[in-house]
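Below: one structure, written as structure tokens.
All heavy atoms count here, side chains included; hydrogens, waters and symmetry mates do not. This one's a predicted model, so the numbers in the text were calculated from it and none came from an experiment.
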Amino acid sequence: MTNARELSAQLAALLRREHATMADFLVALADFDHGRLWVELGHSSLFYYLHRELGLSAGSAQYRKTAAELLQRYPEIVEPLRDGRLCLSSVIELAKVITPENRGQVLPRFFHLSAREAAAMAVSIRPTEAAPHREIVIPVRTPTATPAAPCKVDARASSGTDRQAEAAAHLFQTPETKLDAAPTAPPLRTVPPQHDTAKPLTAELSRLHVTLSRRVLEKLQAAKDALAHARPGASTEEVLETGLDLLLAREAKKKGIVEKPRAARAAANQDHIPANVKREVWRRDGARCQWPLESGGICGQRRHLEFDHVVPRARGGLSTVSNIRILCKFHNDLAARRVFGDALMDRYTGTRVQAEAGPTASRLPF
């Protein structure tokens with residue numbers, strides 16, 4: 001029976017082949033483009049050849065076109081593509097900032113970066129000039145929603161739902177959507193729910209796109225009103241940062257991470273982890289899951305974190321800094337099952353903790 005390590009080795013080999021195949025494709029595509037051979041096939045550009053002849057989506061065609069053109073000017077990107085240090089998404093961002101003068105210094109900075117990290121790296125090298133600060137609220141509907149009056153909170157509006165609705169009615173009168181338009185006017189644009197996205201503008205600034213309900217917008221306006229005396233004219237960013245600071249401070253207090261901790265006291269109840277121990281472990285572990293990976297390193301998860309006894313309390317383990325570690329919920333459950341078995345743990349948890357799926361993970365039918 002194939003074990004996990006053998007299967008992992010097979011997957012690693014297949015991944016290396018995928019990287020090499022993509023690099024070979026881009027090298028061949030660069031030669032194809034250099035000779036403008038797409039003209040002989042009746043296409044007006046390399047993009048249209050990729051899109052129409054090879055059937056790639058517009059986005060995939062643009063990515064490969066950009067990579068092929070960049071490869072012709074900077075052939076040194078071939079090997080990083082071949083061994084997986086560069087991917088297509090990072091090449092797109094690299095193309096925005098690489099020059100003949102900085103090629104030696106800039107190229108390594110894009111190795112092993114995700115698309116978002118590469119975008120942030122690009123703007124740190126060449127920031128957007130005069131990055132704008134904008135607050136825009138647009139009305140959207142989910143496919144199943146019924147038409148409703150759009151909601152926008154005006155920073156100048158006073159508190160109260162009625163006044164906010166009046167401000168929204170005034171501010172949303174655009175050429176595309178007039179609130180007093182005839183019944184035959186085109187409906188509001190219908191869009192499906194999307195994940196929050198942040199677009200880097202500079203090394204310090206990003207633009208966040210997020211979908212909010214009317215209820216949240218009203219709370220945001222109420223928060224602005226509440227801060228109006230202490231911080232008149234506070235922007236949405238300032239209000240959100242103030243709220244986030246309060247939330248993080250509350251969570252830190254639960255873990256004993258406070259600026260002026262109380263003096264350490266001996267725990268009367270050994271089931272209790274003293275605040276000073278939580279504080280030290282939290283700082284030592286860097287607020288990350290410490291579960292060791294077979295390939296080296298740690299899990300590193302930052303969500304659903306829990307304090308775990310390396311030697312369980314049921315086996316005499318003490319609540320000391322050396323015997324406490326940070327684990328995510330999944331690995332904390334796994335650690336307990338390795339010690340006490342599934343049958344006993346199922347009596348306490350009811351079921352096994354499932355690994356958290358990523359934002360684009362699919363649920364497999366097996």
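The main-chain N or O of Gly317 is never found under 3.5 Å from a side-chain atom of Asn323 such that the two would form a donor-acceptor pair. Asn3 places a side-chain N or O within 3.5 Å of a backbone atom of Glu6 that can act as its donor or acceptor partner.
Using a 4.5 Å heavy-atom cutoff, the side chains of His304 and Phe330 are not in contact. In this structure, the side chains of Arg303 and Cys328 stay at 4.5 Å or more apart for every pair of heavy atoms. You'll find the side chain of Arg109 reaches within 4.5 Å of the side chain of Ser124, heavy atoms only. With a 4.5 Å cut-off on side-chain heavy atoms, Leu29 and Leu50 count as touching. For the pair Leu86 and Phe111, the minimum side-chain heavy-atom distance is below 4.5 Å. Taking 4.5 Å as the limit, every side-chain heavy atom of Ser319 sits out of range of all side-chain heavy atoms of Val277. Leu240 places a side-chain heavy atom less than 4.5 Å from the side chain of Leu220. By the 4.5 Å heavy-atom criterion applied to side chains, His309 and Ile324 are counted as neighbours.
In this structure, Ile298 and Leu293 approach most closely via the heavy-atom pair O-CD1, 3.5 Å. Across all their heavy atoms, Ser90 and Leu113 have their closest contact at CB-O, 4.2 Å. Nearest heavy atoms, Ile77 versus Ala67: CD1-O, 4.3 Å. Across all their heavy atoms, Pro312 and Val339 have their closest contact at CG-CG1, 4.0 Å. Closest non-hydrogen pair, Ser89 versus Cys87, comes out as OG-SG, 3.1 Å. The two residues Phe110 and Ala118 make their nearest non-hydrogen contact at CE2-O, 3.5 Å.
In the hydrophobic clustering of ILVMFWY residues, with side-chain heavy atoms under 4.5 Å counting as a link, Val310 and Phe307 come out apart. Cluster annotation: Val239 and Leu248 are assigned to distinct hydrophobic clusters (Ile/Leu/Val/Met/Phe/Trp/Tyr, side-chain heavy-atom contacts under 4.5 Å, transitive). In the hydrophobic cluster analysis, where Ile, Leu, Val, Met, Phe, Trp and Tyr join through side-chain heavy atoms closer than 4.5 angstrom, Leu54 is grouped together with Leu26. Val91 and Leu15 are members of different hydrophobic clusters when ILVMFWY side chains are connected at heavy-atom separations under 4.5 Å.
In this structure Arg16 satisfies the side-chain contact (heavy atoms from CB on, under 4.5 Å) test together with Ala12, Ala13, sequence neighbours excluded. For Glu101, the salt bridge (Lys or Arg N to Asp or Glu O under 4.0 Å) criterion is met by no residue, not counting sequence neighbours. Not counting sequence neighbours, the partners of Arg82 by the side-chain contact (heavy atoms from CB on, under 4.5 Å) test are Ala20, Ala23, Asp24, Val78, Glu79. With sequence neighbours excluded, the residues that form a side chain to side chain donor-acceptor pair (under 3.5 Å) with Asn102 are Thr99. Evaluation of the salt bridge (Lys or Arg N to Asp or Glu O under 4.0 Å) rule for Arg85 yields Asp83 as partners, not counting sequence neighbours. Every side-chain contact (heavy atoms from CB on, under 4.5 Å) that Pro75 has, sequence neighbours left out, goes to Arg103. With sequence neighbours excluded, the residues that form a side chain to side chain donor-acceptor pair (under 3.5 Å) with Glu306 are Asn332. Under the salt bridge (Lys or Arg N to Asp or Glu O under 4.0 Å) criterion, Asp33 pairs with no residue, sequence neighbours left out. Legend: residues meeting side chain to side chain donor-acceptor pair (under 3.5 Å) with Glu40, ordered by chain and number and at least two apart, are absent. Ala287 meets the side-chain contact (heavy atoms from CB on, under 4.5 Å) test with Trp282, Arg302; sequence neighbours excluded. Partners of Lys96 according to the salt bridge (Lys or Arg N to Asp or Glu O under 4.0 Å) rule, which considers only residues two or more places apart in sequence or in another chain, are Glu93.
Within the structure, every pair that satisfies the ring pair (Phe, Tyr, Trp, His ring centres under 6.0 Å) test and touches residues 48-106, not counting sequence neighbours, is listed here: Phe32-Tyr49, His43-Tyr49, Phe47-His51.
Within 6.0 Å of CZ in Arg5 there are more than 12 heavy atoms belonging to other residues, nucleotides or ligands. Around the NE2 atom of His112, the shell of radius 6.0 Å holds more than 12 heavy atoms that belong to other residues, nucleotides or ligands. Crowding of Glu241 atom CD: a count of heavy atoms from other residues, nucleotides or ligands under 6.0 Å not exceeding 12.
Rounding to the nearest 0.5 angstrom, the gap separating the CZ atom in Arg337 from the CG atom in Leu334 is 8.5 Å. Residue Cys299 holds its SG atom at 12.0 Å from CD1 of Ile326, rounded to the nearest 0.5 Å. Put simply, CD1 on Ile273 and CG on Leu318 are 11.5 Å apart, with the number rounded to the nearest 0.5 Å. Taking CZ of Arg64 as the reference point, atom CG of Leu46 lies at 11.5 Å (rounded to 0.5 Å). If you take CG on Leu81 and OG1 on Thr21, they are separated by 12.5 Å, rounding to the nearest 0.5 Å. Atom OG1 of residue Thr66 and atom CG of residue Leu94 lie 11.0 Å apart, to the nearest 0.5 angstrom.
We find that Lys65 and Glu69 are joined by a salt bridge, their nearest charged nitrogen and carboxylate oxygen being less than 4.0 Å apart. Comment: Lys329 does not engage Asp333 in a salt bridge, judged by the lack of any side-chain N to carboxylate O separation of less than 4.0 angstrom.
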Do Leu217 and Arg214 pass the side chain to side chain contact (heavy atoms under 4.5 Å, CB included) test, and can you show the C-alpha distance, the side-chain angles, and the key distance before you say yes or no? CA-CA 5 Å; Leu217 284 175; Arg214 179 189 293 270; 5.6 Å; no
